[in-house]
Amino acid sequence: MKPVNYQLTNTDIETILCTLSILPSLGLEDTDVQADINYQCCLSAARKLSSRNPNLLPNEFRVIFASLEAAQLILQGEFEVDAEIKKDCVDHLFTINKLVSALKPSFS
């Protein structure tokens, strides 16, 4: 993973907090152990972002990016979710797409 050189705005943080809250409900993990790890990483990343702590661990950054990509796939119709989750993603459409584009180079 390459370092990220991107300053998060309040809107970015709000969007990430939304997508982090959605990711665990999608059940994308192969095992319960991985699901628990991802859930814990979502919680710790959300706490750090909420308190403006920039010291994200690699796994926290990984779940942030995974949550943004999952939200993007929800918007594209790749994941079936309830109407409320879809609306949450639609409300953050622009920022989700912006963040995925900005953060993707860190995973190439």
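Heads up: numbering here begins at 1 and tracks the sequence. Just so it is clear, the structure is predicted and the values come from calculations on it, not from any experiment.
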Partners of [X] by side-chain contact (heavy atoms from CB on, under 4.5 Å), sequence neighbours excluded?
X    : answer
S101 : none
L43  : Y39, Q40, R47
I13  : L8, L17, L49, R52
Q76  : Q72, L73, E78

Set of residues satisfying side-chain hydrogen bond (donor to acceptor under 3.5 Å, both in side chains) with respect to [X], sequence neighbours excluded:
X   : result
D82 : none
D88 : none
E60 : S44, K48
Q34 : N38

Note to self: Suppose we screen for salt bridge (Lys or Arg N to Asp or Glu O under 4.0 Å). Which residues come up paired with K98, at least two apart in sequence or across chains?
What the structure shows: D12
Note to self: Tell me every residue that passes salt bridge (Lys or Arg N to Asp or Glu O under 4.0 Å) with D91, counting only those two or more places apart in sequence or in another chain.
What the structure shows: K87
At what distance, to the nearest 0.5 angstrom, does [atom1] of [X] lie from [atom2] of [Y]?
X   : Y   : atom1 : atom2 : value
I74 : L23 : CD1   : CG    : 8.5 Å
L68 : T95 : CG    : OG1   : 10.0 Å
E69 : L28 : CD    : CG    : 11.0 Å
C42 : I16 : SG    : CD1   : 11.5 Å
L20 : I64 : CG    : CD1   : 5.5 Å

Item checked: Derivation of the side chain to side chain contact (heavy atoms under 4.5 Å, CB included) call for N59 and V63 -> CA-CA 6 Å; N59 276 342; V63 297; 5.9 Å; no
Note to self: Grouping I, L, V, M, F, W and Y whenever their side-chain heavy atoms are under 4.5 Å apart, do F61 and I37 come out in a common cluster?
What the structure shows: no
Check: Where do T19 and S67 come nearest, in terms of heavy atoms and distance?
Finding: OG1-OG, 2.8 Å
Item checked: Where A70 and L26 come nearest, the two heavy atoms and their spacing -> CB-CD1, 3.6 Å
Check: Can you pull the salt bridge (charged side-chain N to carboxylate O under 4.0 Å, His left out) pairs that have at least one residue in residues 22-43, sequence neighbours excluded?
Finding: none
Next item on the list: Could you pull out all residues at least two apart from F65 that satisfy ring-ring contact (aromatic ring centres under 6.0 Å, His included)?
Entry: F107
